[in-house]
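These notes concern the structure reproduced below.
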Amino acid sequence: MKNKCPKCGFEYSEADIFCSRCGTKLSRISSDERSDKDVNFLKTKVDDLKYFYKDLRNKNNFSFNLRNRFLDSLALNIVICMIIVSIVLCGVMYFILNKHNSYKSELNYKNLTLNPANIPELKEPSSYDEFIENLKDVENFLLIYLKYSDDPTDKKERIFISYLNEMSKLPHITNENMQNNTCHIIKTASEAKYCATKLTRELKPVGVMAFSNYNTIYLFPDNKFIKNKYSKYLSSSLRDYISLIAKYNTPVGVGLDLYMKPKRLADKIYDFEKLFLFSDNSFVKEETEKILFEDFRRFIFTPSIYATTTHEMKKQFRDTYNYFIRTRKDSAFRPLIMSYLDKQRAYDEENFKNDYPYKIYKDSFDESVENNTFADIFAELRKNLFSKNSEYSFRYLYNSVQSCWLKYNSDYKAQVNDFIVSEPDNNNTIFIYNNMLSLVQELNISKFGKLFMLNGSLYVFNADKLSISKIIFNGRQFSLQNLSSQDVTSVFPGVEVINIDSYSNYNIYLNKDNKKASYIILSRYSNGYSDYVLSSLRGEIEGSYLPNMFSVNSNDDILIAFHDSGVNPEETSETSPTYKFIVRTRDNNNSSENSTKAEFAIYDNQTAQEEGKVEQKHQAQIMPKIPSKSDLEVELTNDLMQAPPSQNIEPPVDENDDNN
């Protein structure tokens with residue numbers, strides 16, 4: 001390393017004593033000292049460089065940390081935004097789905113109100129699966145009824161109370177009367193407890209709980225489920241009632257068997273008594289009064305059953321009675337409990353009825369739950385909806401005792417043996433209901449069928465085939481019976497039957513003995529007459545409620561056309577032929593002369609009687625009267641219309657003539 005003057009910095013050699021430039025005296029430094037100095041200098045420079053690089057690195061780290069911090073903050077903001085967007089989207093989707101489900105539920109309710117027969121009915125089940133499906137349908141309809149119905153609040157609450165009453169009958173459903181279940185036969189109490197737990201899980205979606213008692217399993221309503229499902233659609237007073245029964249969700253017991261602890265039962269009695277006294281809802285007061293009677297009866301008489309078997313139960317009730325007397329001083333039951341404690345075993349049912357402060361609902365204390373079968377919750381609603389729609393749906397009522405049909409009247413109270421029949425729907429089906437307006441049968445009729453009632457019987461007129469059927473009841477179901485010509489004559493006394501299948505041409509003479517005569521046009525084998533109408537071409541006729549029936553009240557000749565409504569009655573065609581009838585009186589001389597010269601076949605009573613003998617045969621054996629050849633050559637009179645050419649029909653051959 002070169003030596004430099006400490007004053008001017010001029011380089012000098014080791015031999016110089018003074019600086020050749022500034023004259024400064026130079027110090028002598030040994031090589032060891034110089035090397036140590038150089039090492040210290042280098043260390044200083046290295047340390048400076050370390051600090052420099054460290055400081056530089058710190059600056060870089062700071063900027064790097066800032067960048068990382070920014071990226072982390074950006075990522076966090078993105079995640080937060082995504083969460084917020086997801087929550088908003090979930091809320092929107094929930095709103096849309098809820099709106100869609102609400103729309104579907106409302107549409108379903110409207111469809112059920114238009115077809116009340118589809119409203120579900122609570123039925124006695126034969127298996128747990130059947131019971132779950134049936135109860136689910138009933139509860140779903142009850143929900144949409146409470147939500148969307150325009151009925152008054154008291155009517156809705158009446159139906160809801162009916163639902164609660166039917167749910168209180170659940171204990172009559174046990175494992176012993178249920179088929180196709182693993183818990184049908186239980187031998188031990190542990191098996192019953194296991195099956196009850198299993199059934200509770202299965203019945204939870206429909207708000208039912210299962211409890212075991214020895215080897216029998218009973219069902220009870222889950223009042224918390226009822227509260228969560230229906231309470232927001234009820235009035236405040238009824239909501240308080242639902243909240244109270246949900247608070248004491250554990251069943252009290254079956255019969256006189258107690259499931260609830262005595263002290264909790266005492267608290268329940270007191271709470272229900274307060275609700276009964278202060279509620280302004282008539283339904284709530286009635287239901288709470290029923291519950292008070294049933295629960296307090298168990299509260300008093302259960303110890304008398306257990307007193308002979310366990311002293312612990314007796315002690316629990318005695319302590320509970322004292323607790324009730326000490327803490328419930330404003331209760332009306334307090335004097336009754338004190339009277340019971342005074343008499344103990346001498347206290348009987350008669351004493352209870354005399355001391356009970358409220359209404360007595362049941363005279364028998366031995367009522368069996370097996371007698372409590374389900375009733376139709378929506379029977380009244382279904383009947384009201386049917387009555388509301390009866391103007392276009394209900395028409396007739398059948399009484400199976402008297403075997404007669406009546407016009408339906410919404411004010412009439414249908415009896416057990418009555419059946420109500422609706423008008424045909426778009427699928428040509430009539431629906432038959434029992435007195436509870438539950439659908440019992442669907443009966444299909446013809447496409448152009450029309451119902452009409454006559455003399456206590458109900459008939460179906462088929463306009464397409466010109467036939468008449470009768471609705472009959474065989475004791476089990478309804479069916480259609482086709483009527484023959486003779487049957488139709490008995491249905492319409494004095495009316496002549498014209499069977500147009502028996503004529504070879506479309507021009508027919510009808511001879512009558514009196515001034516007035518009635519006729520009905522029928523066909524056994526043909527069809528396509530749904531659009532046919534009667535038109536008078538000469539003279540006047542009287543129509544009827546059937547388009548194929550008419551009456552004539554004149555001695556003059558009457559010309560009538562039975563034709564397609566879209567065809568001119570003066571004309572005819574192969575696809576839609578026009579039938580023309582000349583109606584004449586027999587004692588009219590002119591008519592008798594013209595009848596032999598016209599191309600009109602004569603239809604009289606004898607022909608009708610002969611046709612009746614062969615009603616079941618497809619080919620008519622009695623042929624119409626065909627004009628002779630000489631008659632065909634005679635021109636028709638001016639007052640008769642030109643008829644279509646007659647068909648060539650060979651008369652039947654008499655076998656006796658061949659033998660001869």
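Throughout, numbering of the chain's residues begins at 1 and tracks the sequence. Only a predicted model underlies this, so the values are computations on that prediction, with no experimental measurement involved. Heavy-atom basis, side chains included; hydrogens, waters and symmetry copies ignored.
At a threshold of 4.5 Å between non-hydrogen side-chain atoms, the residues L122 and L135 count as touching. Inter-residue side-chain proximity for I226 and L164 is flagged as met; some heavy-atom pair is nearer than 4.5 Å. Between F324 and L265, every side-chain heavy-atom pair lies at or beyond the 4.5 Å cut-off. Put simply, the side chain of N474 does not reach to within 4.5 Å of the side chain of S479, judged on heavy atoms. With a 4.5 Å cut-off on side-chain heavy atoms, I269 and I291 do not count as touching. Inter-residue side-chain proximity for D280 and S237 is flagged as met; some heavy-atom pair is nearer than 4.5 Å. A heavy-atom distance below 4.5 Å is found between the side chains of I161 and L238. In this structure the side chain of Y218 reaches within 4.5 angstrom of the side chain of T174, judged on heavy atoms.
Applying the side-chain contact (heavy atoms from CB on, under 4.5 Å) test to N354 and every residue at least two apart in sequence or in another chain returns E350. A search for ring pair (Phe, Tyr, Trp, His ring centres under 6.0 Å) contacts involving Y358 returns F276, F333, not counting sequence neighbours. In this view, N434 and M436, S438, V440 satisfy the side-chain contact (heavy atoms from CB on, under 4.5 Å) rule, not counting sequence neighbours. For K263, the salt bridge (charged side-chain N to carboxylate O under 4.0 Å, His left out) partners at least two apart in sequence or on another chain are D267. In this view, D355 satisfies the salt bridge (charged side-chain N to carboxylate O under 4.0 Å, His left out) rule with no residue, not counting sequence neighbours. A search for salt bridge (charged side-chain N to carboxylate O under 4.0 Å, His left out) contacts involving K268 returns D295, not counting sequence neighbours. Residues satisfying the side-chain contact (heavy atoms from CB on, under 4.5 Å) criterion with N249, sequence neighbours excluded, are M209, D222, N223, K224. Scored by the ring pair (Phe, Tyr, Trp, His ring centres under 6.0 Å) test, F378 finds F141 as partners (sequence neighbours excluded). Under the ring pair (Phe, Tyr, Trp, His ring centres under 6.0 Å) criterion, Y270 pairs with no residue at all, not counting sequence neighbours. Partners of E442 under the side-chain contact (heavy atoms from CB on, under 4.5 Å) rule, at least two apart in sequence or in another chain, are T429, F431, L439.
Contact record, F283 with D154: CE1-O, 3.2 Å, taken as the closest heavy-atom pair. The heavy-atom pair separating R297 from F352 by the smallest distance is CA-CZ, 4.0 Å. Here the shortest heavy-atom pairing between P335 and S331 reads CD-O, 4.0 Å. Nearest heavy atoms, I217 versus A196: CD1-N, 3.7 Å. Closest of all the heavy-atom pairs between E130 and S126 is OE1-OG, 2.6 Å. A266 approaches T320 most closely through the heavy-atom pair CB-CG2, 3.7 Å.
To the nearest 0.5 Å, the span separating CD1 on I119 from CG on L142 amounts to 11.5 Å. Note: I245 CD1 to T288 OG1 = 11.0 Å, rounded to the nearest 0.5 Å. Considering CG of L451 and CD1 of I430, their distance stands at 5.5 Å, rounded to 0.5 Å. Rounded to the nearest 0.5 Å, atoms CG (L219) and CE (M167) are 9.0 Å apart. Remark: R239 CZ to S243 OG distance equals 8.0 Å, nearest 0.5 Å. Remark: R334 CZ to K329 NZ distance equals 6.5 Å, nearest 0.5 Å.
When atom types are taken as modelled, the side chain of E157 and the backbone of L234 share no donor-acceptor pair closer than 3.5 angstrom. Checked by atom type and distance alone, the side chain of T200 pairs as donor or acceptor with a backbone atom of A210 at under 3.5 Å. Checking side-chain atoms of E166 against main-chain N and O of D376 turns up no donor-acceptor pair under 3.5 Å. Checking side-chain atoms of S168 against main-chain N and O of N165 turns up a donor-acceptor pair under 3.5 Å.
With a 6.0 Å radius and a threshold of 12 heavy atoms from other residues, nucleotides or ligands, K470 has its NZ atom at or below the threshold. Heavy atoms from other residues, nucleotides or ligands lying under 6.0 Å from NZ of K204 number 12 at most.
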Per-pair distances, 0.1 Å, donor-acceptor, side chain in residues 84-91, under 3.5 Å, sequence neighbours excluded:
{"residue": "S86", "atom": "OG", "partner": "M82", "partner atom": "O", "Å": "2.7"}

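Sorted by first and then second residue, the side-chain hydrogen bond (donor to acceptor under 3.5 Å, both in side chains) pairs involving residues 134-151 (not counting sequence neighbours) are S102-Y148, Y109-S149, E139-Y163, Y145-D151, S149-D151.
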key: Step-by-step side chain to side chain contact (heavy atoms under 4.5 Å, CB included) determination, N351 to S339   = CA-CA 9 Å; N351 298 129; S339 175; over 6 Å; no
task = Take S403 and Y398 through the side chain to side chain contact (heavy atoms under 4.5 Å, CB included) test and state the conclusion after the steps.
result = CA-CA 7 Å; S403 300; Y398 180 77; 3.8 Å; yes
request  = List the steps and the verdict of side chain to side chain contact (heavy atoms under 4.5 Å, CB included) for N108 and I144.
outcome  = CA-CA 8 Å; N108 184 31; I144 61 177; 4.0 Å; yes
Worked check of side chain to side chain contact (heavy atoms under 4.5 Å, CB included) between I325 and L341 = CA-CA 11 Å; I325 294 173; L341 291 176; 3.7 Å; yes
inquiry  = Applying side-chain hydrogen bond (donor to acceptor under 3.5 Å, both in side chains) to D271 and Y248, what does each step give before you reach the verdict?
reply    = CA-CA 10 Å; D271 289 342; Y248 298 97; 2.3 Å; yes
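The aromatic ring centroids of F478 and F473 lie less than 6.0 Å from each other.
Screening Y340, F272, Y356, Y321 for a ring pair (Phe, Tyr, Trp, His ring centres under 6.0 Å) involving F299 leaves a single residue, Y321. Under the side-chain contact (heavy atoms from CB on, under 4.5 Å) rule, I78 has a single partner from L74, L76, I80, which is L74.
The aromatic rings of F374 and H172 sit perpendicular, their planes meeting at an angle over 60°, well past the 30° parallel limit.
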